[in-house]
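Just so it is clear, the model here is predicted, and its values are computed rather than measured. When reading the values below, keep in mind they use all heavy atoms of this one structure, side chains included, and skip hydrogens, waters and symmetry mates.
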Amino acid sequence: MNFYYYFYMSVAPVHSTVLSFEDARRVVEEQAAGIPAPATESVDLLAAAGRVLAEPVLADRDIPPFPRSTRDGYAVRSADLTEIPATFDVIAEIKAGEKLERIPANVGRGETAAIMTGAPVPTGADAVVMVEYTSRLGKRVEFKRSVAAGENIVPRGAESRAGSPLLDPGIRLNEASLALAASAGKSRLSVYKRPRVAVLTTGDEIVDVDAIPGPTQIRNSNSYSLAAQIQNAGGDPVLLPVAPDELQGLLRSIEVGLKADLLLVTGGVSMGRYDLVEQALSEMLAEFFFTGAKIQPGRPVVFGRCGVGARPRYFFGLPGNPVSTMVTFELFARPLLEALAGQSPRKLTFLHARLKKEIRVKTGLKRFLPAMLSGEFEGSQVELVAWQGSGDIAATTRANCYIVIPPDREQIPAGEWIAVMLR
Ligand code: AMP
Ligand code: MG
């Protein structure tokens, strides 16, 4: 009995818990829901894109702050314009940003003010007739159409009232939320600090990217796909040195990895004799929520928690096959990482597209297969990309989504609407 085998045998086997995809996902969501908000920092608005908001943003004044014309045209009392054509006196010209003293106090009967998009509508007027429906005759203007009360005006405060919440903590700041923060005068925002995510790649066959691989070795690619996915989900990746398929070495590396906010181990979670990650974690008295999910790729995925002092850390054991690693990160690690990043939970949602070519698979597993969504506009279609299984990284570079196949479907005909997960 060799050394490795001795250790393998010496550790009690991990109780296996293989869940359906939905149950496994729910377990992650439940754990994510209990994660407390992280520490905060203040950043410049320009540096806040993609960060998670940590403070409520309130409207500092009504939006819009005045009744805003949405058109270039003429502000009128709509009740005066029932008989068409009609000709009114032009008493003012109001441009966007017009000084208050240049805005007429009132628009009376038979009067109108020329007004530009974004300008304040004067008192008395209750609608704006688009310039296209008028013809100007010196100081008078002829209207060719009537207008309903309120037309082409956004009333003061209609979008938001002063003091009301515009943005809630927990949102990921995108172009729309940043624009709203800017309109409320927030040049700096409080955001959550990014969680540190340790990436531990395991495998005796794995070498660094800049090493020259021996004939039976392969370069480490998972650390790099995971680093990109971690950054994309709001975390800071910390790549640990590749760990061997040997218990003592794994224990040391896992101990280092558990100092981060989240640990992702790749490889070593399958059923092989040298797949020792679960054994190592179980020696460290880890709690396992599941040790497999009925999915393909990614069936051996592991999720658990391991105490380091008073602060238990979550970990995922992601299968080493590169496509499995990518898929299981998206399905399970991402929601937990988003919670650690302070982001409010969101459900996993799929789009639907028409299947271009028939699919035949075996039943029993929920599948997330690399696919290409193509076509244009409402004619979008999706089809599987040719692949050699979950080790085929090249195939995933030709894919822009995953087709989601329920475990009970054996054959899906071309033309059927099918669930798609974008990547
Ligand atoms: P494992 O999950 O350790 O059984 O590994 C499954 C497959 O993924 C094997 O073919 C490994 O060589 C491969 N693999 C594991 N880790 C990596 C990695 N970091 N980069 C690329 N391939 C890997
Ligand atoms: Mg391995």
Side-chain angles (χ1 to χ4, degrees), residues 45-46 48-49 53 56-168 171 173-187 189 376-380:
L45 192 56
L46 269 181
L53 185 65
V57 172
L58 306 180
D60 65 332
R61 55 182 190 153
D62 287 344
I63 308 178
F66 47 80
R68 180 179 67 211
S69 174
T70 63
R71 301 280 187 225
D72 295 322
Y74 290 88
V76 295
R77 298 154 66 109
S78 57
D80 294 356
L81 208 56
T82 44
E83 277 171 32
I84 293 297
T87 303
F88 289 3
D89 292 331
V90 180
I91 60 166
E93 190 158 88
I94 309 168
K95 57 185 190 328
E98 191 65 86
K99 288 198 182 75
L100 212 50
E101 56 269 27
R102 290 177 53 102
I103 300 170
N106 187 51
V107 175
R109 292 206 66 171
E111 291 179 344
T112 182
I115 194 164
M116 315 301 146
T117 301
V121 177
T123 309
D126 66 353
V128 171
V129 180
M130 288 167 68
V131 71
E132 290 86 335
Y133 306 135
T134 65
S135 57
R136 185 73 177 255
L137 319 148
K139 295 207 155 190
R140 290 171 70 72
V141 64
E142 186 186 72
F143 292 99
K144 296 169 176 143
R145 285 202 191 178
S146 61
V147 68
E151 212 172 306
N152 301 324
I153 297 176
V154 180
R156 175 177 178 156
E159 293 168 11
S160 294
R161 285 279 172 206
S164 68
L166 296 177
L167 298 171
D168 295 325
I171 60 156
L173 291 157
N174 61 17
E175 68 279 18
S177 41
L178 288 170
L180 198 53
S183 67
K186 298 285 291 181
S187 58
L189 287 171
E376 202 182 11
F377 307 130
E378 286 79 7
S380 306

Can you list every ring pair (Phe, Tyr, Trp, His ring centres under 6.0 Å) pair that touches residues 91-119, not counting sequence neighbours? none

Taking distance alone, no hydrogens or angles, what donor-acceptor pairs closer than 3.5 Å link side-chain atoms of residues 124-132 to residues at least two apart or in another chain?
residue: Asp126; atom: OD1; partner: Ser78; partner atom: N; Å: 2.7
residue: Asp126; atom: OD1; partner: Ser78; partner atom: OG; Å: 3.1
residue: Asp126; atom: OD2; partner: Ser78; partner atom: OG; Å: 2.9

Taking every heavy atom of Leu167 against every heavy atom of Ile171, the minimum-distance pair comes out as CD2-CD1, 3.8 Å

Might you point out which heavy atoms bring Ala75 and Pro122 nearest each other, and give the distance in Å? CB-CD, 4.1 Å

Tell me which pairs pass side-chain hydrogen bond (donor to acceptor under 3.5 Å, both in side chains) where either residue lies in residues 101-124, with sequence neighbours left out. Asp72-Thr117, Glu98-Arg102

Measure the spacing between CG of Leu178 and CG of Leu173 and express it to the nearest 0.5 Å. 5.0 Å

Go through the structure and list residues passing side chain to side chain donor-acceptor pair (under 3.5 Å) with Ser177, not counting sequence neighbours. Asn174

Using side chain to side chain contact (heavy atoms under 4.5 Å, CB included) as the criterion, list what pairs up with Ala79, not counting sequence neighbours. none

Taking salt bridge (charged side-chain N to carboxylate O under 4.0 Å, His left out) as the test, write out the residues that go with Arg77, two or more places apart. Asp80

Nearest non-hydrogen partners of Arg136 and Ala114, listed with the distance: NH1-CB, 4.3 Å

Would you give me the side-chain donor-acceptor pairs under 3.5 Å for residues 56-66, sequence neighbours excluded?
residue: Asp62; atom: OD1; partner: Ala162; partner atom: N; Å: 2.9
residue: Asp62; atom: OD2; partner: Arg156; partner atom: NE; Å: 2.8
residue: Asp62; atom: OD2; partner: Arg161; partner atom: NH1; Å: 3.4

Any chance you could measure Ile94, atom CD1, to Ser69, atom OG, to the nearest 0.5 Å? 9.0 Å

Give me each pair satisfying ring pair (Phe, Tyr, Trp, His ring centres under 6.0 Å) with a member in residues 95-117, each pair once, sequence neighbours excluded. none

Find the distance between CG (Leu166) and CD (Glu159) and round it off to the nearest 0.5 Å. 10.5 Å

Do Ile103 and Pro120 have side-chain heavy atoms sitting under 4.5 Å apart? yes

Heavy-atom count check: over 12 atoms from other residues, nucleotides or ligands less than 6.0 Å from Leu46 CG? no

Compare every heavy atom of Glu83 with every heavy atom of Ala86, then report the nearest pair and how far apart it is. CB-O, 3.5 Å

Mind checking what makes salt bridge (charged side-chain N to carboxylate O under 4.0 Å, His left out) contact with Glu93, not counting sequence neighbours? none

Kindly indicate whether the side chain of Thr70, heavy atoms from C-beta on, has any atom under 4.5 Å from the side chain of Val154. yes

What pair of heavy atoms forms the shortest contact from Leu45 to Ala181, and how long is it? CD1-CB, 4.1 Å

Side chains of residues 139-147: which donor-acceptor partners sit under 3.5 Å, not counting sequence neighbours?
residue: Arg140; atom: NH1; partner: Asp89; partner atom: OD1; Å: 2.4
residue: Arg140; atom: NH2; partner: Thr87; partner atom: O; Å: 3.4
residue: Arg145; atom: NH1; partner: Tyr133; partner atom: OH; Å: 3.2

Per the ring pair (Phe, Tyr, Trp, His ring centres under 6.0 Å) rule, what does the pair list look like for residues 100-121, sequence neighbours excluded? none

Would Ile115 and Tyr74 count as a side-chain contact (heavy atoms from CB on, under 4.5 Å) here? Give the steps. CA-CA 5 Å; Ile115 194 164; Tyr74 290 88; 5.9 Å; no

